[in-house]
Amino acid sequence: MKRLENKVAVVTGASKGIGAGIAEKLAAEGAAVVVNYASSKEDAEKVVAKIISNGGKAIAVKGDVSKAADVDHLFAEALGQYGAVDILVNNAGVYQWGALADFTEESYHFQFNINVLGVLLASKAAVKSFSEKGGSIINIGSAVSSATPAGSAIYTATKSAVDSITRVLSKELGPKNIRVNSVNPGMVVTEGATSAGFIGSEIETAMVSNTPLRRVGQPEDIALATAFLASDDARWVTGEVILASGGLR
């Protein structure tokens, strides 16, 4: 029997990159997956099609995680299609790098609305949707919360908030048998990292030279850690912030 057989997982921001890798891995482990996307319907449907072609179950649901009505719709669709929710992966996230001199209110609200408010709204909806048996919430944070690179003040602040939210909610929700953990990736080869110019740049070279395992990550690296935390193999693990960064910190 697969580790997530008969489980239902909601993965936010799952149309590409790390989120797509997580959705595909959870489906391969037996979960029915709700692939959330904000705008990339075509990409989300490709993820769903790949999961189904491999014998899994999945649907795509549009929704902006920074809007409560959208989040409520996302979970209503999950419950309507599968009758339950057991796992939430808070993967949706955005980043904008820049020096303090270039700081804007717009950038602040854009990043905090998705990266922090989105985590809280989706977690609140998940708790309402979990059965009395409990559930698992996995937040996708970032190694920047410990590495604190220059030029990332807002982004690092959002991901540091996610670390704190993870630990606080693990204590608050533990009595309901809801586990809350975080996986914090280092640099990962994704469409976003490539289009932002990180992959193939001096930044990647510097990251690799400072990473003990001497490479950047792949979406599967993050998906493997997430699948573990979602499963009963991690039934005694909560409140943990796991660096999945090849040793970069």
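- Hydrophobic clustering (ILVMFWY, side-chain heavy atoms < 4.5 Å, transitive): Val11 and Phe130 are in distinct clusters.
- Contact of the Ser136 side chain with the Asp86 side chain is not registered, since no non-hydrogen atoms from C-beta on lie closer than 4.5 Å.
- One finds the OG atom of Ser15 at 13.0 Å from the NZ atom of Lys41 (value rounded to the nearest 0.5 Å).
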Check the pair Leu120 / Lys124 against side-chain contact (heavy atoms from CB on, under 4.5 Å), numbers first and verdict last. CA-CA 6 Å; Leu120 291 168; Lys124 180 180 178 181; over 6 Å; no
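- Within 6.0 Å of atom OH in Tyr108, 12 or fewer heavy atoms from other residues, nucleotides or ligands are found, so the atom counts as exposed in its surroundings.
- Taken from CZ in Arg179 to CD1 in Ile138, the straight-line distance is 7.0 Å, to the nearest 0.5 Å.
- Contact check for Ser231 versus Glu29: no side-chain heavy atoms found under the 4.5 Å cut-off.
- Put simply, the side chain of Thr226 reaches to within 4.5 Å of the side chain of Ile140, judged on heavy atoms.
- Interatomic distance, CG of Asp221 versus NZ of Lys25, reported as 11.5 Å (0.5 Å rounding).
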Take Asp163 and Asn184, measure what side chain to side chain donor-acceptor pair (under 3.5 Å) needs, and give me the verdict at the end. CA-CA 9 Å; Asp163 290 352; Asn184 288 16; 3.1 Å; yes
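- Side-chain contact check for Val241 versus Asn139: every heavy-atom pair is 4.5 Å or farther apart.
- In this structure, Ile18 CD1 and Ile222 CD1 are separated by 5.5 Å, a value rounded to the nearest 0.5 Å.
- To the nearest 0.5 angstrom, Ser123 atom OG is 12.5 Å from Lys128 atom NZ.
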side-chain contact (heavy atoms from CB on, under 4.5 Å), that's the test. Do Lys46 and Glu42 meet it? Break it down for me. CA-CA 6 Å; Lys46 287 179 181 178; Glu42 182 178 355; 3.8 Å; yes
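- Within the 4.5 Å cutoff, no side-chain heavy atoms of Asp102 are placed close to those of Thr104.
- Val89 and Val47 end up in the same hydrophobic cluster when Ile, Leu, Val, Met, Phe, Trp and Tyr side chains are linked at under 4.5 Å.
- For Asn91 (side chain) and Gly13 (main-chain N/O), a donor-acceptor pair under 3.5 Å exists by modelled atom type.
- Shortest non-hydrogen contact noted between Gly17 and Glu191 is N-OE1, 3.1 Å.
- Results of the side-chain contact (heavy atoms from CB on, under 4.5 Å) test with Glu5 over Arg3, Lys2, Lys7 single out Lys2 as the only residue that passes.
- When all heavy atoms of Ala14 and Val35 are compared, the closest pair comes out as O-CG1, 3.5 Å.
- Looking at every heavy atom in both residues, Ala230 comes nearest to Leu26 through CB-CD2, 4.4 Å.
- Tyr95 and Leu248 fall within a single hydrophobic cluster, where Ile, Leu, Val, Met, Phe, Trp and Tyr are joined by side-chain heavy atoms under 4.5 Å apart, directly or via other members.
- Across all their heavy atoms, Val65 and Ala92 have their closest contact at CG2-CB, 4.0 Å.
- There is no path of hydrophobic side-chain contacts, each under 4.5 Å, that joins Ile178 to Leu229.
- For the pair Ser152 (side chain) and Trp97 (backbone), a donor-acceptor distance under 3.5 Å is absent.
- Side-chain contact check for Asp64 versus Ile114: some heavy-atom pair is nearer than 4.5 Å.
- Residues Val34 and Ile51 are members of separate hydrophobic clusters, defined by side-chain heavy-atom contacts under 4.5 angstrom among Ile, Leu, Val, Met, Phe, Trp and Tyr.
- No side-chain donor-acceptor contact under 3.5 Å links Ser160 to the backbone of Ala157.
- Of all the heavy atoms in Gly246 and Thr211, the pair that sits closest is O-CG2, 3.3 Å.
- For the pair Leu169 and Val127, the minimum side-chain heavy-atom distance is 4.5 Å or more.
- Side-chain polar atoms of Gln96 and Ser107 form a donor-acceptor pair below 3.5 angstrom.
- Under the 4.5 Å side-chain criterion, counting only non-hydrogen atoms from C-beta, Ser170 is not in contact with Asn181.
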Before you tell me yes or no, could you show the steps for Val162 and Ser145 under side-chain contact (heavy atoms from CB on, under 4.5 Å), namely the whole-Å CA-CA distance, both residues' side-chain angles and the distance that decides it to 0.1 Å? CA-CA 9 Å; Val162 171; Ser145 65; over 6 Å; no
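- Scanning both residues, Gly93 and Asn115, for their nearest heavy atoms gives CA-OD1, 3.2 Å.
- A distance of 10.0 Å separates CD of Glu45 from CD1 of Ile52, quoted to the nearest 0.5 Å.
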What do the steps show when you test Val216 against Val208 for side-chain contact (heavy atoms from CB on, under 4.5 Å), and what is the final call? CA-CA 6 Å; Val216 293; Val208 170; 3.8 Å; yes
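- Panel note: side chain Asn36, backbone Gly63; a donor-acceptor pair is recorded below 3.5 Å.
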